Amino acid sequence: MKIVVIGTGYVGLPHAAVLSEYGHEVYAYDIDATRIAAYQTGEADDIERYVNEPGLADIVAENLNRYLFFTTDISDVIEGADVFFFCTNTPPNRDGSTDMTNYLAAANHLAGLLAARRNKQRVVLVNKSTVPIGTARLLEEVMQEQGVENFGVASNPEFLAQGSAVEGSRRPDRIVIGADTLEDMQILRRLYSQFVNHVRIRYLETTPETAEAIKYMSNTLLLTYISFWNGVGARLAEALPNIRMEDLKIGVTSDARISTWGSYVSNGAGGSCFGKDIQSLIYQLNRAGRSTDLLQAVYGINEYQKTYLIDRAIHEARFSFNQKTVALLGLSFKKRTNDMRDSAALRVVESLLARGVRAIRAYDPLAMEEAQRNWFNPEKNHLFERITYHETAVEAIRGTDALYISTDWEEFRGLARTIQTTVKAPYLVIDGRRMLPDFDMLVAAGYDYLPVGGALLQGRAGGDRLPSENGHEIGKPAPVAR
Ligand code: UDX
């Protein structure tokens, strides 16, 4: 394939070089003529003056003028190109925003040339440098404004670390492609054919915006993790006697869950341990005179998360809970237990009652006895009289105005159909566990769906409706009193 790489710094040069190793015809373009002249010598000293990465100069020398070409005139190379990579530098502005001057200059320059090209074959324009979320869309607009035809935009972020950029390009842990059309995905699959279906490399195809977000999330997660070690692990070993830093590291990092576990977004983590343990550690570190900013922020974020969806329901869905009846599905802090200690449901109930709900119709496969006995005793708080308990989810949902899913019980996954056959739209479904795979069916039938980790989806009135289980048309009131 014919590839053009725009920008030949720490991102562009290793990328261009490694692509040329795989037999692509790669044109590496830069506006800096002295830099390009240095690369064109093929000499390690000249190349490393600009980008010093182990193994890079050898690849450049090997492929120079065979598969890898350097140029300061992009107009010479655009005809017949399949893919353009933007690898320009994107320095920070003082306010934290990204300086897009170089990127936009390159994009506008390319747009003018592409609009005038003779060969109108499909081209994919790919952002490789880290650029703000939404930049692929911005690039699309730049191209459209100048009348470019038959192009697609994509995001394919680099995850290279300096010092191992060549190794990282040859053996990445993942390739993330964000594109809008199958055609563009297929062009990029051809480009990265050595990584597609690789047994060890994750090849992820998603939207441009998701790919852009993955890059920022990845870097900030790594920095958060480093800060956890510097701000908590190191503090502990510094402040308290007889803690061995190296052993602390081994003991903590051996937890096999440190990976995908935790990425299941929820309405807050509960249980008997997390909350109590983090508060205790904050106390112990504070007593030793050490700062606990990160831990306090973590505790605060988790607590806030427990009622955040109710705030979103009010502000985004414009739902007023006052005098409404709400079904609460799930009381325990997680599935397969009746334990309610620190459960998000406790905070949800508190928040719903404070907002004046008329009734809460609760259902949990295991925890209802526990709830009545130990948590929502009307003798302790008369408002708990507003909670009733029901034998099934469908019973709890009957006659309600909204539904809140608080626990990840597997049986809730089938609720989309139950909701449609039990209550009529308009109706708000708040999903604190992302339990409804069929949410689009609900939305098409007019129900509003507000999930954690997703935008509010407002019901499309007049959409397809399922026939109800009892033969009544959906949309008629359920035959049950509140
Ligand atoms: C936890 C620790 O995992 C365990 O190591 C410790 O010894 C005791 O505390 P447990 O309380 O049983 O164990 O709960 P866990 O399975 O860890 O879940 C805690 C909370 O996090 C639950 O509310 C769970 O639903 C939530 N969670 C978990 C998420 O919200 N997202 C996830 O991805 C994982």
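Source: prediction; values computed, not measured.
The line from CZ of Arg460 to CG of Asp448 is 11.0 Å long, rounded to the nearest 0.5 Å. To the nearest 0.5 Å, the span separating CD on Glu212 from NZ on Lys215 amounts to 12.0 Å. The CD atom of Gln458 sits 10.0 Å away from atom CG of Leu450, with the distance rounded to the nearest 0.5 Å. Distance CD/Gln279 to OH/Tyr299: 3.5 Å, rounded to 0.5 Å. For the atom pair CE of Met340 and CG of Leu366, the computed distance is 12.0 Å after rounding to the nearest 0.5 Å. Atom CD1 of Ile187 and atom CG of Leu182 lie 10.0 Å apart (nearest 0.5 Å).
Geometrically, Lys2 engages Tyr27 in a cation-pi contact defined by less than 6.0 Å to the ring centre and at most 45° from the axis. Under a cutoff of 6.0 Å and an axis angle of 45°, Arg434 and Tyr264 do not form a cation-pi pair.
A donor-acceptor contact closer than 3.5 angstrom is absent between the side chains of Thr88 and Asn102. Judged by distance alone, the side chains of Tyr363 and Glu411 do bring a donor and an acceptor atom under 3.5 Å apart. Looking only at atom types and distance, the side chain of Arg174 has a donor-acceptor partner in the side chain of Ser218 under 3.5 Å away. Between the side chains of Thr181 and Asp184, at least one donor N or O lies within less than 3.5 Å of an accepting N or O. Using a 3.5 Å distance cut-off with no hydrogens or angles, the side chains of Tyr308 and Arg312 do not pair a donor with an acceptor. Donor-acceptor pairing under 3.5 Å is recorded for the side chains of Asp431 and Tyr449. A donor-acceptor pair shorter than 3.5 Å can be found between the side chains of Tyr404 and Asn267. Counting only N and O atoms by type, the side chains of Tyr50 and Asp32 include no donor and acceptor under 3.5 Å apart. No hydrogens or angles considered: nothing links the side chains of Thr260 and Ser263 as a donor-acceptor pair under 3.5 Å. A donor-acceptor pair shorter than 3.5 Å cannot be found between the side chains of Thr71 and Asp73.
Contact check for Phe228 versus Ile226: no side-chain heavy atoms found under the 4.5 Å cut-off. Contact of the Leu204 side chain with the Ile214 side chain is registered, since non-hydrogen atoms from C-beta on lie closer than 4.5 Å. Taking 4.5 Å as the limit, some side-chain heavy atom of Leu188 sits within range of a side-chain heavy atom of Val83. Leu415 places a side-chain heavy atom less than 4.5 Å from the side chain of Ile405. Side-chain contact between Glu205 and Arg189 is present, with at least one heavy-atom pair separated by less than 4.5 Å. When side chains are defined from C-beta on, Pro132 counts as touching Met100, because their heavy atoms get closer than 4.5 Å.
Using modelled atom types, no side-chain atom of Ser343 and backbone atom of Gly270 make a donor-acceptor pair closer than 3.5 Å. The backbone N or O of Lys335 sits less than 3.5 Å from a side-chain atom of Asp408, completing a donor-acceptor pair. The backbone N or O of Gly152 lies less than 3.5 Å from no partner atom in the side chain of Asp180, so there is not a single donor-acceptor pair. Under the 3.5 Å distance criterion, the side-chain polar atoms of Gln146 are matched with a main-chain donor or acceptor of Asn108. For the pair Gln40 (side chain) and Phe70 (backbone), a donor-acceptor distance under 3.5 Å is present. For the pair Thr98 (side chain) and Val131 (backbone), a donor-acceptor distance under 3.5 Å is absent.
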Please evaluate residues Asn89 and Tyr103 with respect to the criterion side chain to side chain donor-acceptor pair (under 3.5 Å), reporting the C-alpha separation (whole Å), side-chain torsions for both, the decisive distance (0.1 Å), and the verdict.
CA-CA 7 Å; Asn89 58 340; Tyr103 173 86; over 6 Å; no
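Checking Arg117, Glu183, Arg122, Lys120 one by one against Asn150, the side chain to side chain donor-acceptor pair (under 3.5 Å) holds for a single residue, Arg122.
For the residue pair Val265 and Gly453, the shortest heavy atom distance occurs at CG2-CA, 4.3 Å.
Taking the six-membered ring where tryptophan is involved, the planes of Tyr192 and His15 are tilted, since the angle between them lies from 30° to 60°.
Between Glu167 and Arg171 a salt bridge is recorded (basic side-chain N to carboxylate O distance below 4.0 Å).
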